[in-house]
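The block underneath contains the structure these notes are about, expressed in structure tokens.
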Amino acid sequence: MGEMIFEASGLTKEFGEVTALRDVSLSLRGPSIIGLIGRNASGKTTLLRHIVGLQLPTRGQARTLGVATRSLQHEQLARIGVVPDAPTFMRWMSVGEQLRYLSAFYPRWDMERQSSLAGLLELDLHADVSGLSTGSAQKLAIVAALCPRPDLILLDEPVSNLDPIARDQFLKLLLEIVQEDRATIVISSHVLHDIESTVDWIVCLNNGTVAADAALDDLKDQYAEWRVLARTRDLPDRFADAFVVRQTVMEPRRARLVVRTAGADLRAFQAAHDADVEAAPLNLQGLFPILVDNGRH
Amino acid sequence: MRRRAFLRLLERPAGIAFAALFTPAAVITLFVAGLRGPSRFVEAAGLVCFFVGAFGGITLTDAARCSFAWTLPRYRRALLVEFAFCGAVVCALVTLIGAVSAAPSAPALLAAAVGFAAYAVGGALFLTPEGSLLFPFAFIAFVAWRLWTPAPVISAPLAAMPVSAAVSALAIWSAFSSRTFRWSALLGPREDGRLMWNGWPTMPWWPRLRRRRAGGRRRDAARARYVGTSVLRGVVSSYRPIRANAWLPATAGLSMFYVAAVGPNALGSIPRTGFWIAWAIFIVFSLMSRSSYGHHSSASRAALPWSRRHHLAVAFARHLGDPFVILLVLSPALAAFAVGNPQLLGFVGRGIAVIVVFFPAFQWAAGPPTGGPWADRGVAMILTLSVGMAFLLALPLVVSGLPLLVTSGAAQAVVLGLLVAGSQVLNWRRLKGYFATRDLVGGEP
């Protein structure tokens, strides 16, 4: 069992009449790479902000690295690296000056890693911060978050503004960092295809509540995709089998189903519907609608 | 590695420009005030330290609103220590000037205590949400206090010292509290030209107006797209996104005039009432203009389908209209003041004319006429500081100096009218050039 990184119990956050997080109870342990997914306004950024104590619970408890988030001290903050969704820096500094300014506050700032990351992400240390594109500002935020060799790295949509090459390099880098530093990474993203190959745990938020909190492999094992091809007669308009959670009948003799593996009997189904079935694992993209809306989308 | 949290932030073009422009003015002010007596010196020391603290506060605000500020370990503490150290150095220098100018009568310790309190308040003003909310009302309280208390702090040093220490502690504590830095980090970067009032509607205790503001913007975006070619309708639509908080300076100004001008005048003559209120008019006018011109633009994103000529016409009409809208808002208070102080009408009129002359310059300093902040914030800040210093220099020169050169009231009106017209002609030419040659998004100064 690894270190308890973040623990929430009955965490609720309200902004006036809007409830961003509703009775969230979570335990995140490291080292691991945790994918935080959910639809827009599901509470992902609010949860990340609670982890660093930037926002405080309206009700409930939140603890990060063993300390209540309200009382996080520099000892804990020095162990956390954050890449926000819209990073902002001192616009009048150069990239190098900005990194030098930040490095003075961290006891474990790794200059070697700074050079290698800047090279890998093609970040010009002499460029002015004010002239950085959105993607370059995000690269700077990534370098600034990773160089202190933190134990906990929070990434809020880190790949959304990166080009495909930089995105690929960045995700490979995350895997290396977990191995090298034994860090825990919480990555919030809508680019499910990208994070699927990186994360080992999924926390899915839906309307401020936890819709899923499980290992990605376990989630994948719970569901499967069945491609159904009728042999002799047309398929029904709707399959009534209890284990079918999502279905798309594309034409009278072909259908695509998402099924809950527990209780799903492939042979019995084939016999009952006189159809051939090709079973395939479900990817995160396919899982997502089931997790957030129970298959209604 | 040597850590310089706050001092490093001062090493930027705006910091150097502030030091270069403000230091000589401050030294002269302190020296002259010292020669005029210890009482004036203490007041001047407070004023100078307040401005230095306010600049420090703006600098701190820029840092606190960066995305890294909240999680940077020991950052708040480092900023606090260096900010306080700078304040101590400034107060020591100010006291030294007092010792040189007013020799034995200069109350060094009192000047240092009042100076540090003013420095701390100046810093907290821009950093804390409540500071910016309270500022106009604190200003009213200050003017009222000076109206009714001819004897300044010098007469009660034993009371002034602990009060100054308490104010310093409260200001520093509120400026560097975790609550302030949390709020700053969530608010995001400060927009140029919007030093105050733009943050506190985001506070939790401001939900009602926040919602109304969001709704207003949606309506405006829909309306602006279909305004057609009418410049008048364009101007009206450009005023609609004025933030809900823009009413605060207007309310503060009007409250001040009715409480401080109408009341005392009705009760009888109070020493220097008219003089103080006249200066209050200038300051309130400036505050209102500052809050107004930062809040609307001719080219919100929704309005981009407008032609460049339409942008130009709308921008100029709005630039021209702003000071007159503010005058209209203040007119009841001005009328009340004029009835009570007919001898100061010329004084106030000249001051308002100076503000109107400088208005386009302030509008340019606030940001590009297409809306949003200037791309180069350093240059924008230097521009703001330069215009501000020029304004502070011109105001007393014209208000007190013009009657010495031109004695006739009519001739003064002509001179001032020409200055107003000249500034608007320059503004028109500048706007015309801008809209003919520049991008409509992302302003380069």
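Computed over heavy atoms, backbone and side chain alike; hydrogens, waters and symmetry mates excluded. Order of the sequence lines fixes the chain letters, A, B, ..., with proteins taken first and strands second; residue numbering starts at 1 for each chain.
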- Task: Could you pull out the closest heavy-atom pair between B:S67 and A:P84, with the gap in Å?
- Result: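 So the two residues come closest at CB-CG, 3.5 Å.
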- Heavy-atom pair with the smallest gap, counting every atom of B:F68 and A:L102: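 Looking at all heavy atoms of both residues, the shortest contact is CD1-CD2, 3.4 Å.
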- Does atom CG of A:D85 have more than 12 heavy-atom neighbours from other groups under 6.0 Å away?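 Yes, the 6.0 Å shell around CG holds more than 12 heavy atoms from other groups.
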- Exam field: side chain B:R182 to backbone A:G53, donor-acceptor pair closer than 3.5 Å: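 Checked: pair present.
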- Message: Check whether A:Y101 reaches the backbone of B:A5 with its side chain - one donor and one acceptor, N or O, closer than 3.5 Å.
- Response: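 Yes: the side chain of A:Y101 pairs with the backbone of B:A5.
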- Side chain from CB out, backbone as N, CA, C, O: work out which of these in A:E14 comes under 4.5 Å of a heavy atom of chain B, or both, or neither.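 Contact with chain B is absent: no heavy atom of A:E14 under 4.5 Å.
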- Query: Is chain B contacted by the side chain of A:A78, its backbone, both, or neither, given a heavy-atom distance below 4.5 Å?
  - Reply: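 For A:A78, the contact with chain B is made by backbone and side chain together.
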Please round to the nearest 0.5 Å and tell me the distance separating atom [atom1] of [X] and atom [atom2] of [Y].
| X | Y | atom1 | atom2 | value |
| --- | --- | --- | --- | --- |
| A:T88 | B:D62 | OG1 | CG | 10.5 Å |
| B:T71 | A:L152 | OG1 | CG | 10.5 Å |
| A:F105 | B:R77 | CZ | CZ | 11.0 Å |
| B:C66 | A:Q98 | SG | CD | 6.5 Å |

- Output all residues satisfying side chain to side chain donor-acceptor pair (under 3.5 Å) with A:S136, sequence neighbours left out; order by chain, then residue number.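 Listed in chain order: A:S133.
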- Task: State, yes or no, whether a side-chain contact exists between A:V82 and B:W70 at a heavy-atom distance under 4.5 Å.
- Result: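 No; the side chains remain at least 4.5 Å from each other.
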- Heavy-atom check, side chain of A:M90 versus side chain of B:R12, under 4.5 Å: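 Result no, sub-4.5 Å side-chain heavy-atom pair not found.
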- Query: What part of B:A63 lies closer than 4.5 angstrom to a heavy atom of chain A: side chain, backbone, both or neither?
  - Reply: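 Backbone plus side chain of B:A63, per the 4.5 Å heavy-atom cut-off to chain A.
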- Message: Which residues in residues 117-128 of chain A have any heavy atom closer than 4.5 Å to a heavy atom of chain B?
- Response: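 Listed by number, there are no contacting residues, so the answer is none.
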- Query: Which residues from residues 54-77 of chain A are near chain B, with near meaning under 4.5 Å between non-hydrogen atoms?
  - Reply: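 Against chain B, the residues of residues 54-77 of chain A that fall inside the cut-off (heavy atoms, under 4.5 Å) are A:L54, A:Q55, A:L56, A:T69, A:R70, A:H74, A:L77.
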- Task: Would you list the pairs meeting salt bridge (charged side-chain N to carboxylate O under 4.0 Å, His left out) in which at least one residue belongs to residues 133-155 of chain A, sequence neighbours left out?
- Result: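 Applying salt bridge (charged side-chain N to carboxylate O under 4.0 Å, His left out) to every pair that reaches into residues 133-155 of chain A, excluding sequence neighbours, yields A:R79-A:D151, A:R108-A:D151, A:D110-A:R149, A:R149-A:E180, A:R149-A:D181.
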